[in-house]
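Basis for what follows: all heavy atoms, side chains included, without hydrogens, waters or symmetry-related copies.
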Amino acid sequence: MEPTEAARLEGSDRFQRAAALGDRFLENIETVVHGKHEEIKLVLAALVCGGHVLFEDVPGTAKTVLARAIARASTVFAVPGTSSNST
């Protein structure tokens, strides 16, 4: 049986670099916002897919801090030549 496309990609160097970048992104955000690991992972998934995120929670749960940290980190971890940062 042939491996699936996902299995072939998982072993590739490009996939490994992307996974390492995602881990660094998570670690960077978690230095600012503590206790929101799953939420940060979901935001990262939305960013990778080109989607949108709406933060909903009760007041005082670091939604604005999380959004600002993600915005700042996304400029630090931007990939050269992508449409989001090329001029």
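When side chains are defined from C-beta on, Val43 does not count as touching Glu39, because their heavy atoms never get closer than 4.5 Å. Within the 4.5 Å cutoff, the side chain of Leu47 has heavy atoms near those of the Phe25 side chain.
Of the inter-residue distances, the one linking Asp23 atom CG with Asn28 atom CG reads 12.5 Å to the nearest 0.5 angstrom. Here Ile40 contributes atom CD1 and Ile70 contributes atom CD1; the two are 6.5 Å apart, rounded to the nearest 0.5 Å.
Look at Asp57 and Lys36 and you find a salt bridge, because one of the NZ, NE, NH1 or NH2 atoms lies within 4.0 Å of a carboxylate O, short of that distance. Electrostatic pairing of Arg24 and Glu27 does not count as a salt bridge here, judged by no charged N lying under 4.0 Å from a carboxylate O.
Closest approach of Ala73 to Ile29, counting heavy atoms only: CB-CD1, 3.4 Å. The shortest heavy-atom contact between Thr61 and Val58 is OG1-O, 2.9 Å. Here the closest heavy-atom approach between residue Glu56 and residue Lys63 is recorded as C-CD, 4.1 Å.
Residues Leu42 and Val33 do not share a hydrophobic cluster, clusters being chains of Ile/Leu/Val/Met/Phe/Trp/Tyr side chains in contact below 4.5 Å.
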